[in-house]
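Below, each value reflects all heavy atoms present in this structure, side chains not excepted, and no hydrogens, waters or symmetry copies. As the structure lists them, so they are numbered: ligands from 1, and atoms in each ligand from 1.
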Amino acid sequence: MTASGLLAEIGDVGRDPKRGGYSRHAFELPEQELRAWFGERALGLGLDVDTDHNGNIWAWWGAPGPDAVVTGSHLDSVPGGGAFDGPLGVVSALSAVETLRERGFRPGKPFAVVVFAEEEGGRFGVPCLGSRLLTGTIDADKARGLRDADGVTFAEAAAKSGFDPSLAGPDPERLGLIGRFLELHVEQGRGLIDLGSPVAVGSTVIAHGRWRFSFTGQGNHAGATLIEDRADPMLPAARTVTAARRIAKSRRAARATVGRLVPTPGGTNVIASTVDLWLDARVPGDGTRALVDDIVDAARQAAKEEGCRVEVTRESYSGDVVFDDALRRDLGEWLGGPPELPTGAGHDAAILAGFVPAGMLYVRNPTGISHSPEEFAEAGDVEAGANALTDVLERLAR
Ligand code: HGY
Ligand code: MN
Ligand code: MN
């Protein structure tokens, strides 16, 4: 089945009627449905499927072994996300295996298709949670204690889904099997539109992190409390949002985003007692921390002036990543010299790049938009991406 056909098969899983797009979060029903779908499709291709202690699914073509060629991506989404971010890499990998089988190809090396868990951090707040656990780049106890918006911990959710959370953590044996990792992903930006090419090779991923700001004031009545008698945490929160934009704008290529802001208790006629907001900050090179420090200073100043307190917690951080040079060159040569693109989006391939030779292929997205229902890839480009992946996998797995 073509990559587009496989995408269509899951086109109705996890649709979010309120936000639009898809909400497919770790261990929730839609994601469980996608896991089952992937398992069935992989088994149908004669792959042996097993899920590791961190919730990552591995579909092996032949026996697991060292120097394995591994490809894949993720199936979870951001809230209200697009149809391609994650699934495109998974369906293209399945389609590549089917095409290689039809060509009578048999891998000369161990070969696996992998689906990483909780890449978006859409439920537990830390992106690439499955690949961070696999590689030991997150403390397993910290991971077990991560809570979703309802206060459910990762450990509780994992246990409810049949995993033993006490086993989550670094898996050096499995990681050690990977000889090369290659992730195909829809482009999240306009690079390929302007370059007129359907496919690109990934070059770098910029540093990025997430910080939680918790503002505490005095909850009170919206009508009975004079302005001068208030300690309203919404004010320093709002000032932090605008400060983040002002400060990021003053720095080359810096990005600072507040996409999530939660007042408690959240009543229309209630002055909030606390307001939590999450800052996503990204700067190429080592400028992220300095950017965040300035935003934190602005937040503290605003909190003081409004008679509120603020607590800032770093929830995740990944430094700049440059993909494996030799792999990047091979991909470029084998694909006839497509463009090379940097990205501001994080990926499991970037986590793995710290441990194994890893690379990425991007597929043109004519809207350039991602993390939104408007994310898109034309069927022709989806097939061009799947064909490119098939060709390079055949060479890597000879
Ligand atoms: O946030 C990111 O960059 C990725 O989509 N997880
Ligand atoms: Mn994403
Ligand atoms: Mn992604």
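- Within 6.0 Å of atom CD in Glu173, 12 or fewer heavy atoms from other residues, nucleotides or ligands are found, so the atom counts as exposed in its surroundings.
- For the pair Arg210 and Trp278, the NZ or CZ position fails the cation-pi test of under 6.0 Å to the six-membered ring centre and within 45 degrees of the ring normal.
- A centroid separation of 6.0 Å or more is found between the aromatic rings of Phe111 and Phe105.
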Ligand 1 N/O to protein N/O, distances under 3.5 Å:
from, atom 1, to, atom 2, distance (Å)
ligand 1, 1 (O), Arg282, NH2, 2.8
ligand 1, 3 (O), Arg282, NH1, 2.7
ligand 1, 3 (O), Arg282, NH2, 3.2
ligand 1, 3 (O), Gly346, N, 2.6
ligand 1, 5 (O), Glu120, OE1, 3.1
ligand 1, 5 (O), His371, NE2, 2.9
ligand 1, 6 (N), Glu119, OE1, 3.3
ligand 1, 6 (N), Glu119, OE2, 3.1
ligand 1, 6 (N), Glu120, OE1, 3.0

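- Salt-bridge annotation for Asp280 and Arg282: present, with a side-chain N of the basic residue lying under 4.0 Å from a carboxylate O of the acidic one.
- Side-chain contact, Ser73 with Glu183: a donor N or O sits under 3.5 Å from an acceptor N or O.
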Using the rule given for side-chain contact (heavy atoms from CB on, under 4.5 Å), can you reason through Trp58 versus Thr51, listing the C-alpha separation, both sets of side-chain angles and the distance that settles it, and then say yes or no? CA-CA 6 Å; Trp58 300 70; Thr51 300; over 6 Å; no
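- Ion pairing between Arg144 and Asp141 holds under the 4.0 Å rule for side-chain N and carboxylate O.
- A ring-centre distance under 6.0 Å is found for Phe154 and Phe27.
- Contact record, Met234 with Leu261: SD-CD2, 4.0 Å, taken as the closest heavy-atom pair.
- Each protein N, O or S atom less than 2.8 Å from the Mn ion (ligand 3) was counted, giving 3.
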